[in-house]
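Fair warning: this is a prediction, and the values are worked out from it, not measured in the lab.
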Amino acid sequence: MMKDIDCGALRKEHAGKVVTLSGWVHRRRDHGGLIFVDLRDRSGLVQVVFDPDTSKDNFVQAEKLRSEFCVQIKGEVSIRPAGLENKELATGEIEVKAKELNILSTSQVLPFALDTRTDVDENVRLRYRYLDLRRPELQQNFILRHRITKAVRDFLDQEGFLEVETPMLTKSTPEGARDYLVPSRVNPGTFYALPQSPQIFKQLLMVSGFEKYFQIAKCFRDEDLRKDRQPEFTQIDMEMSFIDTEDIYSLIERMFTHIFDKVMGIKLTTPFPRMTYAEGMRRFGSDKPDTRFGIELTDVSDLVSNCGFKVFADTVAKGGEVKGICVPGCADYTRKQLDDLTLLAQELGAKGLAYMLVKEEVKSPIAKFFTPEEIKALLERMGAKEGDLVLFVADKPTTVAAVLGRLRLDFGAELGLIPENQLNFLWVVDFPLLEWSEEEKRYVAVHHPFTSPKDKDFDKDPANAVAKAYDLVLNGVELGGGSIRIHDAELQAKLFSVLGISPEDAEDKFGFLLKAFKFGPPPHGGIAFGLDRMIWLLAGAESIRDVIAFPKTQKAVCLLTDAPSLVSEKQLRELHVASTVVKE
RNA sequence: GGAGCCGUAGUGCAGUCGGCUUAACACGCCUGCCUGUCACGCAGGAGAUCGCGGGUUCGAGCCCCGUCGGCUCCGCCA
């Protein structure tokens, strides 16, 4: 090794020792007659002093040092003179008096500074990702990621889980996200798909009798990106036989207890609270409610069903609902602010947004449509007091939830109502099995088409069928979800039929799974967690890109390598693929 | 597929009202000075096709149209 100790590990106890360090020149302070260098390696920083009295040759060499030169330094650890300690630095009580300097490699001037003082354009950061990743705060994210992944492996190993790899080149499946496709050279005209998740394989492993499976699995979905979504991402994927929902809840609660204890020394309280999907939508307008603060949705449909305000009354008459949120202390909102809120509501699908500014009197464009008694009843129901702002949306339940759920989150953040250091885990349970797709004019699976209904006779009332599906939510972020699967070929066939998948299609797409289920499949179920999202949340990172070493932009481009890129005609010919894009 | 915001030295930004000159400032960089700094200091210097293309105008970093890229959001993401 070209170093015998890490920079960040040096302490008073090492005083007098001669050590060899290797790292990068983090900063250089040249006083002419004395040069200070902050030497950085993964462990941290230590101050190195070059003094011509110690070695004239070294000193001359040290004058050449620049930012990010990679160097090896041999020197004596010494206690800093009194009054010259640096409390900001873990190694601030000591410094290293350089005896030998070996410049391992030089560096061009960096395209951007590695400090945190300035937010460098992400474009530039991603193009020079290897430099970006030198920044200690980014490295911390990856150290956290490593430790969490290790804690997961240790825990699941101890619980008797087997880590099994499943194929990356697999079969395209209908339902779900768009697939990334890989053309087959050997089989002209056919394509593999990269897995959206190892779903079917892990179920097959249950048929194989593995009983407890897990995998830290790469997954791929060709959908548009968000700040918490990348085209390729990692899941902690698991599946178990001979279990039901309670077994999953308990296992996962123990797993998170283990992770938080081992990695962060935080003791979690279990069991985690549970909430049905229906309740989440009703109270928070979300299937992943952030329960750390209030501003819950309140239904006032019954109070306005006969009121003079046609928009409200008609909505209720047509089977819609009128709900509101009470925003504390915002009665002084300006016309502009209210207009912006209305605009946001409209972008989310609402026709409008009604408001009441609760001052000595209620100021509202719709006040004139209500009797004083009705207004009093509304405010009372909303729990509004003087100084509050009350917002109403009248629409179909999904729109009301979308708009008020979003406004609630925005206000929570803007008004600082969200306690930063609170960890609110929440099981969201009893998801609907199916939802009607207007686009496809058929039912589609809310979770996936292998999810077990709670009731075998779900087909009698598909719209209201409840699934044995669950999500784990932390502070309003969906960490992961899963379900108990169907292990009965007949029940599976029935679900396919309700989904409008013909027996022929089912045979073509999932025939192998249906066949496998004819050979004594065990009852089974599982869950998968988005590892990147988990680290993102726990690291408090700005974007999910900050916990992925080489992430892609919103257009799914890797700015470092310039992927995706054109390939040669020869490659395309070999793959029996022709591009339909017309060249310039 | 749609909406919004952004794009000016290596980096972060000012310039927003079309005409203040040589496009300002800070950090970084280069040169010189400096033996106790730690975001070292001091003096000087270099560095900008104002993302790209077109248009309006006597005149465009600034206005208009298009385009490319980045970010955020909606749709999408079983």
Side-chain angles (χ1 to χ4, degrees), chain A residues 26-39 45-54 59 66-68 80-89 91-92 95 97 108-128 131 173-179 196-197 199-200 219-231 233 340 343-349 402-403 406 409-410 431-435 437-440 443-451 467 469 478 481-483 495 499 501 528 530 542-543 545 552-555 557 559:
Chain A
H26 191 67
R27 229 185 291 275
R28 178 186 63 114
R29 291 176 293 280
D30 185 345
H31 285 237
L34 197 62
I35 297 170
F36 298 96
V37 162
D38 289 337
L39 188 67
L45 294 177
V46 69
Q47 172 165 284
V48 178
V49 192
F50 290 92
D51 189 333
D53 299 340
T54 312
F59 187 80
R66 291 296 180 272
S67 272
E68 299 303 310
R80 290 196 189 189
L84 297 173
E85 302 85 1
N86 184 349
K87 289 191 179 67
E88 304 293 309
L89 229 52
T91 59
E95 62 192 5
K97 294 195 152 128
Q108 291 186 359
V109 175
L110 263 51
F112 57 92
L114 298 188
D115 59 38
T116 28
R117 278 181 293 157
T118 46
D119 274 335
V120 179
D121 185 53
E122 217 176 339
N123 218 325
V124 183
R125 287 177 49 198
L126 290 178
R127 197 157 284 132
Y128 296 92
L131 296 180
T173 54
E175 307 283 306
R178 206 173 285 118
D179 285 320
Q196 293 177 26
S197 83
Q199 185 59 36
I200 292 176
C219 304
F220 305 84
R221 292 176 193 177
D222 187 5
E223 295 294 347
D224 288 348
L225 274 41
R226 288 286 187 282
K227 75 168 171 206
D228 61 349
R229 273 180 3 208
Q230 281 276 303
F233 60 100
D340 286 348
L343 214 61
L344 177 63
Q346 283 168 342
E347 277 167 23
L348 295 170
V403 175
R406 164 68 179 270
L409 288 176
D410 287 358
F431 272 80
L433 183 69
L434 304 162
E435 78 186 325
S437 165
E438 230 4 91
E439 194 185 328
E440 300 183 52
Y443 283 105
V444 295
V446 167
H447 187 55
H448 59 54
F450 316 108
T451 300
E478 180 197 327
S483 63
L495 180 51
L499 289 171
I501 302 173
E542 197 72 13
S543 144
R545 296 182 293 277
K552 295 186 173 55
T553 67
Q554 201 167 40
K555 288 192 76 185
V557 167
L559 291 177

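The aromatic ring of Phe36(A) sits over the base of rU37(B), with ring centres less than 5.5 Å apart and planes tilted by under 30°.
Among the atoms of the strands shown, only primed sugar atoms or phosphate atoms (P, OP1, OP2) are found under 4.0 Å from some heavy atom of Arg406(A). Within 4.0 Å of Gln554(A), counting heavy atoms only, lies at least one base atom of the nucleic acid. Arg545(A) comes within contact range of the sugar-phosphate backbone alone, with a heavy-atom separation under 4.0 Å but no base atom that close. Within the nucleic acid shown, Ser197(A) comes within 4.0 Å of at least one base atom, counting heavy atoms only. Residue contacts for Glu478(A): at a heavy-atom cut-off of 4.0 Å it reaches no nucleic acid atom on any strand shown. Backbone-only engagement by Val446(A) is indicated by non-hydrogen atom pairs under 4.0 Å involving sugar-phosphate atoms exclusively. Residue Arg80(A) is in base contact, counting any heavy-atom pair closer than 4.0 Å across all strands shown. Residue Glu95(A) is classed as a base contact, given a heavy-atom separation below 4.0 Å to a base. Among the heavy atoms of the strands lying under 4.0 Å from Pro111(A) are primed sugar atoms or P, OP1, OP2 only; no base atom is included. Leu344(A) comes within 4.0 angstrom of no nucleic acid atom, judged by non-hydrogen atoms across all strands. In this structure, Gln199(A) reaches the bases: a heavy-atom distance under 4.0 Å links it to at least one base atom across the strands shown. Contacts of Asn123(A) with the nucleic acid, taken as non-hydrogen atoms under 4.0 Å apart, involve only primed sugar atoms and P, OP1 or OP2.
When the C1' atom is used for both rU72(B) and rC20(B), the distance is 38 Å, rounded to whole Å. rA14(B) and rC6(B): their P atoms are spaced 10 Å apart (whole Å). When the C1' atom is used for both rA48(B) and rG12(B), the distance is 15 Å, rounded to whole Å. Remark: the separation of the C1' atoms in rU11(B) and rG18(B) is 29 Å, to the nearest Å. rC17(B) and rC27(B) have their C1' atoms separated by 30 Å, given to the nearest Å. Nucleotides rU31(B) and rU21(B), compared at atom C1', are 29 Å apart to the nearest Å. Going from the C1' atom of rA3(B) to that of rC58(B) covers 39 Å, rounded to whole Å. Rounded to the nearest Å, the gap between the P atom of rU16(B) and that of rA23(B) is 15 Å.
Residues passing the side-chain contact (heavy atoms from CB on, under 4.5 Å) test with Asp179(A) are Ser172(A), Leu181(A), Ala193(A), Gln196(A), sequence neighbours excluded. In terms of the ring-ring contact (aromatic ring centres under 6.0 Å, His included) criterion, His26(A) has no residue partners (sequence neighbours excluded). With sequence neighbours left out, Phe220(A) forms a ring-ring contact (aromatic ring centres under 6.0 Å, His included) with no residue at all. Checked against side-chain contact (heavy atoms from CB on, under 4.5 Å), Ser67(A) has no partners two or more places apart in sequence or in another chain. For the ring-ring contact (aromatic ring centres under 6.0 Å, His included) test, residues two or more places apart in sequence or in another chain that qualify with Phe450(A) are His448(A), Phe510(A). Arg27(A) is linked by a side-chain contact (heavy atoms from CB on, under 4.5 Å) to Arg29(A), Asp38(A), Arg117(A), counting only residues two or more places apart in sequence or in another chain. Residues passing the ring-ring contact (aromatic ring centres under 6.0 Å, His included) test with Phe431(A), sequence neighbours excluded: Tyr277(A).
A sub-4.0 Å separation between OP1 or OP2 of rC40(B) and a side-chain N or O of Arg27(A) is present. For Arg29(A), no side-chain nitrogen or oxygen approaches OP1 or OP2 of rU37(B) to under 4.0 Å. An OP1 or OP2 oxygen of rG69(B) is reached within less than 4.0 angstrom by a side-chain nitrogen or oxygen of Lys555(A).
An anti orientation is assigned to rC6(B), its glycosidic angle lying beyond 90° of 0.
In this structure rC40(B) sits in no base pair that meets the Watson-Crick or G-U test at under 3.5 Å. In this structure, rC25(B) and rG12(B) make a Watson-Crick or G-U wobble pair, each of the two defining distances being under 3.5 angstrom. rC5(B) is paired with rG70(B) under the Watson-Crick or G-U wobble criterion, all donor-acceptor distances under 3.5 Å. Remark: rC77(B) base-pairs with no nucleotide in the shown strands. Criterion, Watson-Crick or G-U wobble with two distances under 3.5 Å.
Glu122(A) and Arg545(A) are joined by a salt bridge, as a carboxylate oxygen and a charged side-chain nitrogen come within less than 4.0 angstrom of each other.
In the interface, the side chain of Arg221(A) is not paired with the base of rC77(B) through any donor and acceptor atom under 3.5 Å apart. Under 3.5 Å, the side chain of Arg226(A) and the base of rG75(B) form at least one donor-acceptor pair of N or O atoms. For Asp224(A) against rG75(B), a side-chain N or O and a base N or O form a donor-acceptor pair under 3.5 Å.
Between the CG atom of Leu89(A) and the C1' atom of rU37(B) there is a distance of 13 Å, rounded to whole Å. What separates CG of Asp119(A) from P of rU72(B) is a distance of 13 Å, to the nearest Å. Between the CG atom of Leu348(A) and the C1' atom of rG4(B) there is a distance of 13 Å, given to the nearest Å. In this structure, the CD atom of Glu440(A) is 12 Å from the C1' atom of rC76(B), given to the nearest Å.
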Between the protein and nucleotides 33-35 of chain B, list every N/O to N/O distance that falls short of 3.5 Å.
from	atom 1	to	atom 2	distance (Å)
rC34(B)	N1	His31(A)	O	3.4
rC34(B)	N3	Asp30(A)	O	3.2
rC34(B)	N3	Gly32(A)	N	3.3
rC34(B)	N4	Gly32(A)	N	3.4
rU35(B)	OP2	Gly33(A)	N	2.9
rU35(B)	O4	Asp53(A)	OD1	3.2
rU35(B)	O4	Asp53(A)	OD2	3.1

Enumerate the protein-to-nucleotides 25-32 of chain B contacts in which both atoms are nitrogen or oxygen and the separation is below 3.5 Å.
from	atom 1	to	atom 2	distance (Å)
rC30(B)	OP1	Arg66(A)	NE	2.9

